[in-house]
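Input: a single structure, listed below in structure tokens.
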2 protein chains.
Amino acid sequence: MPRIRHQNFECNAGCPVEGTLNLIDGKWKGVILYHLFEKTLRFNELRRRFPDITQRMLTKQLRELEKNELIIRKVYPVIPPKVEYSLSERGRSLEPVIMALKNWGDTYLVDKLE
Amino acid sequence: MPRIRHQNFECNAGCPVEGTLNLIDGKWKGVILYHLFEKTLRFNELRRRFPDITQRMLTKQLRELEKNELIIRKVYPVIPPKVEYSLSERGRSLEPVIMALKNWGDTYLVDKLE
DNA sequence: CAGTATCCTCTAAGATACTG
DNA sequence: CAGTATCTTAGAGGATACTG
């Protein structure tokens, strides 16, 4: 999870914005959630969808999402290992938020992503 | 502006999400935008609303928002200096996005901001 | 297959002091 | 009033190698 913001002073109305951003910030979290909206995925399925992410980073981002109770990590006790990642109810409730971000980007970021 | 993400590979559907996050990430940007939705504000008016932000940081965040064409910086050539910050049309179009973040936070972050 | 373990870099963010 | 200029630090993110 990114650093915690504004923790030590009276919370103004903008705080829930920051709090929510804290959960979905993290370089790959938005994309991970986006792909999990579609379907449950295994670790390596996620890896294949983001060729540039390192194993370490993918693990880290997934652990943070799990810690924030946005995704569920299900381990099957088999060999070879099998781990599935899916959205929790809380995670699924983020869909409109992610979509709002996506829609804005689709409209206003065309040829502006640098 | 935070680092640029995913720039060197084929953009999957999650990218506009990241692009948008890049613009509103930054520890104080969400809050700054939130306050500018209400009304145009001067530099020190913004400062007073966030007692914990340093001058340097406020300036930095404002400059980035301006560079991304989300806010407009209007300098009045008077002494003492007077500078007003207001939303651009592009910035105002972010309101539903920020509100989506805020609403989610209000609902799901109660007593969970840590 | 799904991870850890190390080591490293870079920069966002903060503290503090000064100024046209 | 609305900023710069320096200096510092924490930790996000990355590269690479190894493993139950």
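Predicted model only: the values in this text are computed from it and were never measured. A, B, ... follow the sequence lines: proteins, then strands. Residue 1 opens every chain.
Paired runs in DNA chain D that reach 3 or more consecutive Watson-Crick or G-U pairs, where each pair keeps both distances under 3.5 Å, cover C:1-20 with D:1-20.
Here the closest heavy-atom approach between residue A:Asp106 and residue B:Pro16 is recorded as OD1-CG, 3.0 Å.
For the pair A:Val83 and A:Arg73, the minimum side-chain heavy-atom distance is below 4.5 Å. With contacts defined as side-chain heavy-atom distances shorter than 4.5 Å, the pair A:Thr59/A:Arg63 qualifies.
Heavy atoms of A:Pro81 sit under 4.0 angstrom from at least one base atom.
The side chain of B:Asn44 lies closest to D:dC1, out of D:dG13, D:dG3, D:dC1. Considering only side-chain atoms of B:Thr54, the nucleotide from C:dA2, D:dG13, C:dT16 that sits closest is C:dT16. Listed nucleotides C:dG20, C:dT16, C:dC1 differ in distance to B:Arg56; the shortest reach to its side chain belongs to C:dT16.
Nucleotides of DNA chain D nearest to B:Tyr85 and A:Lys60 differ in position, and the one nearer the 5' end is that of B:Tyr85.
A salt bridge does not link B:Lys102 with B:Glu95: none of the charged nitrogens is closer than 4.0 Å to a carboxylate oxygen.
The distance from atom CG of B:Leu46 to atom P of D:dG3 is 10 Å, rounded to the nearest whole Å. Distance B:Asp25 CG to C:dA13 C1': 12 Å, rounded to the nearest Å. Atom-to-atom, CG of B:Asp52 to C1' of C:dA15 comes out at 13 Å; the value is rounded to the nearest Å. Spacing between atom CZ of A:Phe50 and atom C1' of C:dA2 amounts to 16 Å, rounded to whole angstrom units. Here the C1' atom of nucleotide D:dT4 and the CD atom of B:Gln61 are 17 Å apart, to the nearest Å. For the pair B:Leu62 CG and C:dA13 P, the interatomic distance rounds to 13 Å; values are reported in whole Å. Taking atom CZ on A:Arg47 and atom C1' on C:dG3, their separation rounds to 10 Å, with Å as the unit. Here the C1' atom of nucleotide C:dA12 and the CG atom of B:Leu58 are 15 Å apart, to the nearest Å.
The hydrophobic cluster containing B:Leu65 does not contain B:Ile72, counting ILVMFWY residues as joined when their side-chain heavy atoms lie under 4.5 angstrom apart, directly or transitively.
When atom types are taken as modelled, the side chain of A:Asn103 and the backbone of A:Met99 share a donor-acceptor pair closer than 3.5 angstrom.
Under 4.0 angstrom from either OP1 or OP2 of D:dT16 there lies no side-chain N or O belonging to A:Gln55. Considering only side-chain N and O atoms, B:Arg63 lies under 4.0 angstrom from the phosphate OP1 or OP2 of D:dT4.
For the ring-ring contact (aromatic ring centres under 6.0 Å, His included) condition, the pairs that include at least one residue of residues 80-106 of chain B, sequence neighbours left out, are B:Trp104-B:Tyr108.
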